[in-house]
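These numbers were taken from a predicted model, which means no experiment stands behind them.
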Amino acid sequence: DEDLFLFHQLFLFLGLPTSTLPVTLKIAYENSLFSGQTSSKHIRSGKTNQWKTYFQHVHKQRFLALFDDVLIQLGYETNHDWLAV
């Protein structure tokens with residue numbers, strides 16, 4: 001939503017006065033991944049599948065032990081082939 005259209009709709013739905021939209025949209029933009037202004041240890045970038053670069057076999061096994069087939073349930077994977085990647 002780089003054009004902030006959905007944020008605009010959301011802020012209106014939440015009942016924010018239209019006079020506050022420029023400021024709230026600016027805040028939303030500045031805190032978005034695409035602004036390039038975020039500094040978070042949790043978020044490195046907006047790139048997908050970064051975990052494949054960082055997860056080693058031990059991490060994959062621990063994830064599976066803790067969360068079972070949550071990736072399949074959420075639609076991120078269709079099976080457990082991701083363990084072999």
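Within the model, atoms CG of L16 and CG of L14 stand 6.0 Å from one another, a figure rounded to the nearest 0.5 Å. Separating the CG atom in N31 from the NZ atom in K26 is a distance of 10.0 Å, to the nearest 0.5 Å. Atom OG1 of T24 and atom CG of L12 lie 8.5 Å apart (nearest 0.5 Å).
Criterion: ILVMFWY side-chain heavy atoms under 4.5 Å apart, direct or through other members. Under it, F11 and F13 are part of a common hydrophobic cluster. I72 and W82 sit in two unconnected hydrophobic clusters of ILVMFWY residues. Membership requires side-chain heavy atoms under 4.5 Å apart, directly or through other members.
Residues L83 and H57 have side chains not in contact (no heavy-atom distance under 4.5 Å, counting atoms from C-beta outward). No side-chain heavy atom of L71 sits less than 4.5 Å from a side-chain heavy atom of H80. Looking only at side-chain heavy atoms (C-beta outward), F63 and V70 come within less than 4.5 Å of each other.
Of the options L21, T20, I27, L25, a side-chain contact (heavy atoms from CB on, under 4.5 Å) to V23 is made by I27 and by none of the others.
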